[in-house]
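Below, read A as the first sequence line, B as the second, and so on, with proteins coming before strands; counting in each chain starts at 1.
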Protein chains: 2
Amino acid sequence: MQLDERKMKILQAIIRTYMETGEPVGSRTISKYSDLNLSSATIRNEMSDLEEMGYIIQPHTSAGRIPSDKGYRLYVDTMMLEKDREVAEMKELMLEKTEKMEKILMQVAKLLANNTNYAAMISSPQIRKNRLKFIQLSQVDTLHILAVIVCEGNIVKNKVIETEDELDNEDILKLNILLNTNLNGLAMEEINLATIARLKEQAGIHSQLLNDVMDAVAEAIVGDEDLEIYTSGATNIFKYPELSDSSKAKEILATFEEKQQLVELVNSTMEQNSETGIQVYIGEETPIQTMKDCSVVTATYELEEGVQGTIGIIGPKRMDYEKVVANLKTLMNKLDDVFKKK
Amino acid sequence: MQLDERKMKILQAIIRTYMETGEPVGSRTISKYSDLNLSSATIRNEMSDLEEMGYIIQPHTSAGRIPSDKGYRLYVDTMMLEKDREVAEMKELMLEKTEKMEKILMQVAKLLANNTNYAAMISSPQIRKNRLKFIQLSQVDTLHILAVIVCEGNIVKNKVIETEDELDNEDILKLNILLNTNLNGLAMEEINLATIARLKEQAGIHSQLLNDVMDAVAEAIVGDEDLEIYTSGATNIFKYPELSDSSKAKEILATFEEKQQLVELVNSTMEQNSETGIQVYIGEETPIQTMKDCSVVTATYELEEGVQGTIGIIGPKRMDYEKVVANLKTLMNKLDDVFKKK
DNA sequence: ATTAGCACTCAACCTATCAGAGTGCTAATA
DNA sequence: TATTAGCACTCTGATAGGTTGAGTGCTAAT
């Protein structure tokens, strides 16, 4: 069977109506409130076809139809792409001051949740291919050394290291010079065993300390650990009856609380970089199993080359995809402004 | 009217039973399942008295009784205190490595939530009366200075400062010495205008930079900003029908998501330091308005003199108070072990 | 002071009924 | 041949009535 223009229009009308109401939509509704000028009987025939083709589903005999995952998918793929070719002129931002950053990210999540009435999440930007800018060791007291590591993009990490043998200022100065001359500008994959061995040799007796420092450096550069995720509006799911029965709601909210699973969402989003940066997962397509009754829209934002994070919207399958995508786009621009202003 | 021994026992039985079942409890139940050997009629008379005195409530005629806030309060005050005099031998812990810290705190929250089946929260330790240990400025690039501030207890903060005029290494060295000789060992309240004025004078042209640094220092010492709160098991509230109707659940969960209100809970807990460190808020007593249908049990933990945080359990009013308090106590000991081991 | 007994109340549950929305099918129509 | 009108049928959801069981308050007997 062919999915001709008319069927397409009817499908579209069904999805639109269903989004508004959340109720199964019947033939008569479409017949009356669309500009197709067809009788409900005709619509019924077409709907019957659409159902056979798998685009819509009847929850039970004598109920209206609701879109299937396949139907939503079609909707998103086609209806969306029309609007979408107005490409992305993207950001070029500064990031420093992680504390402020946190606040902005939380603000963004909140704003998004309020605007869309869905649940929102945003991940802190991740640095890919990060390079070391400089290292600074300083003595805190006789037994503790503070290592401050600054990477490209002014990402700062610190680590307090407990030392076994006491060090004097001179030792530390030497180590500082040693580390900086040997490691500056290197990315993680370039710091290999040979480099480290050479360092150790030159460091002499302080090789234990050096080990700890290297650990800290590795962590700072790879930096997978401190992927922070901020969420907002998780309770918005109560606005959608199809999600708010207690067991479903519980699962979804627990996922939001246990941010671990959201991290996976972020990772899977990062891997597939689509052209527009926006991805839509419908129902079972989602990488998070517990969200199989929802749809998830994610976008990747980029502050500067190689520094990027993920924004996501989680809502019911009858989510207003156009609105969400529009929101995500304008939001990215706003984000841009905020960072540029500083 | 007097609250004699027997009334007390009946009240206790009512509360215990209500905790288990969550249903209003009737006279017959008490008559059968308590060791009082009284007929239901007698119980009914006593219950009538108890209701008049305000310890129990009848949701509607011909339903059983449930404990009122006042009843719970009595229960907690008396029943609890018996068990409670086995004081608190407390902690003496190290803290460094805030990242590890985070993980431990999250773990604790999780454990507590799992153990009790209520919602749990824990705040990161706050430092009261903090003193500056040392400051280190270093040049990141021509326009950025990194200020690293270490406080007593090895709390590290850093701030990247944008400079207007270019600085050379010598300038920075001077500033470093200046700051350290003048500020070391001082607490916030000791850094007054006079000190700052003197510093500015000596800093000469770099007074703008000095301003920024002082801001950073102030923030590091006061450090009210980075009160982190970790939660777990928020969705446990669905286990209690009296809380899980959608509007109430929504409110409570939103409070958990918006950690702001929990901060207030932490603050109010910190202010009133009871002897045992454990406080119980029942119903309307709670500092968080949205939790008026719940009970909140908070405890203050202390890592070392002046470094303390808050743990809290949020559950239904029919929470098993004894269990919760016991849990909090053993948990504190566990926390102790964890930190001591390191 | 305690208890047994009785009448009464109320929420919860079950059942039946009914209206409304929706469908599928068939026959009439353009 | 495509569309439409009409009709019988199905299913959900709301409403109303009836029943049950748990619980109470009161009174009279112990």
Side-chain angles (χ1 to χ4, degrees), chain A residues 1-11 13-15 17-18 20-68 71 241-242 244-245, chain B residues 1-11 13-15 17-18 20-68 71 241-242 244-245:
Chain A
M1 205 177 315
Q2 256 300 333
L3 188 70
D4 56 23
E5 176 112 6
R6 199 172 69 176
K7 283 193 173 53
M8 201 65 202
K9 276 195 173 170
I10 291 174
L11 178 58
I14 293 173
I15 295 180
T17 318
Y18 180 64
E20 269 175 41
T21 63
E23 298 285 302
V25 359
S27 54
R28 191 129 182 290
T29 318
I30 302 294
S31 157
K32 276 202 297 189
Y33 300 106
S34 79
D35 46 2
L36 291 166
N37 281 325
L38 292 173
S39 79
S40 64
T42 315
I43 305 285
R44 273 205 290 286
N45 291 330
E46 295 287 43
M47 278 164 99
S48 177
D49 292 350
L50 283 170
E51 181 160 16
E52 200 178 318
M53 288 190 270
Y55 291 113
I56 53 182
I57 285 173
Q58 210 173 5
H60 55 85
T61 24
S62 94
R65 309 300 216 287
I66 61 174
S68 68
E242 68 267 43
S244 59
D245 88 87
Chain B
M1 205 177 318
Q2 256 298 335
L3 188 69
D4 56 21
E5 177 112 6
R6 198 172 70 176
K7 283 193 172 54
M8 200 65 204
K9 276 196 174 170
I10 291 174
L11 179 57
I14 293 173
I15 295 181
T17 319
Y18 180 65
E20 269 175 40
T21 62
E23 297 286 301
V25 357
S27 54
R28 190 127 183 291
T29 318
I30 302 295
S31 156
K32 276 201 298 188
Y33 300 106
S34 79
D35 46 1
L36 291 167
N37 280 327
L38 292 173
S39 80
S40 64
T42 314
I43 305 285
R44 272 204 290 286
N45 290 330
E46 295 288 41
M47 278 164 99
S48 176
D49 291 352
L50 283 170
E51 180 160 19
E52 200 179 318
M53 288 190 271
Y55 291 113
I56 52 181
I57 285 172
Q58 209 173 5
H60 54 89
T61 24
S62 95
R65 309 300 215 285
I66 61 174
S68 69
E242 68 268 43
S244 58
D245 88 87

**Request:** Using atom NZ of B/K7 as one end and atom C1' of C/dT2 as the other, report the distance to the nearest whole Å.
**Result:** 14 Å
**Complete:** Taken in chain and number order and not counting sequence neighbours, the residues that satisfy side chain to side chain donor-acceptor pair (under 3.5 Å) with B/S68 are none
**Asked** In whole angstroms, how far is the P atom of D/dA22 from the OH atom of B/Y33?
**Response** 11 Å
**Item:** Side chain of A/H60 (C-beta onward), nearest among C/dA4, D/dT4, D/dC11
**Value:** D/dC11
**Prompt:** Could you give the CD1-to-P distance, from B/I43 to C/dG5, as a whole number of Å?
**Reply:** 18 Å
**Request:** Nearest 0.5 Å please: distance from the CD1 atom of B/I43 over to the CD1 atom of B/I10.
**Result:** 4.0 Å
**Fill in**
Sequence neighbours excluded, the answer for side chain to side chain donor-acceptor pair (under 3.5 Å) partners of A/Q58 is none
**Asked** Do any pairs count as a side-chain hydrogen bond (donor to acceptor under 3.5 Å, both in side chains) and have a residue in residues 45-56 of chain B, sequence neighbours left out, and if so which ones?
**Response** B/R6-B/E46, B/K7-B/E46, B/K7-B/D49, B/E51-B/R65
**Fill in**
Expected string for nucleotides 15-30 of chain C under the B/S/- scheme (protein heavy atoms, under 4.0 Å, primed atoms plus P, OP1, OP2 as sugar-phosphate) is -------BBB------
**Item:** side chain to side chain donor-acceptor pair (under 3.5 Å) involving A/T61 - partner list, sequence neighbours excluded
**Value:** none
**Message:** Do B/S39 and B/T42 have side chains that approach each other closer than 4.5 Å (heavy atoms only, starting at C-beta)?
**Reply:** yes
**Item:** Phosphate OP1/OP2 of D/dT4 contacted by A/T42 side-chain N/O (<4.0 Å)
**Value:** yes
**Request:** Return the set of residues passing side-chain contact (heavy atoms from CB on, under 4.5 Å) with A/A63 (not counting sequence neighbours), or none when no residue passes.
**Result:** A/P59, A/H60
**Fill in**
Taken to the nearest whole Å, CG/B/L36 to P/C/dT2 is 11 Å
**Fill in**
Stem ranges of DNA chain D by first residue number, counting only runs of at least 3 Watson-Crick or G-U pairs under 3.5 Å, come to C:1-30 with D:1-30
**Request:** Apply salt bridge (Lys or Arg N to Asp or Glu O under 4.0 Å) to B/E23 and list each qualifying residue two or more places apart in sequence or on a separate chain.
**Result:** none
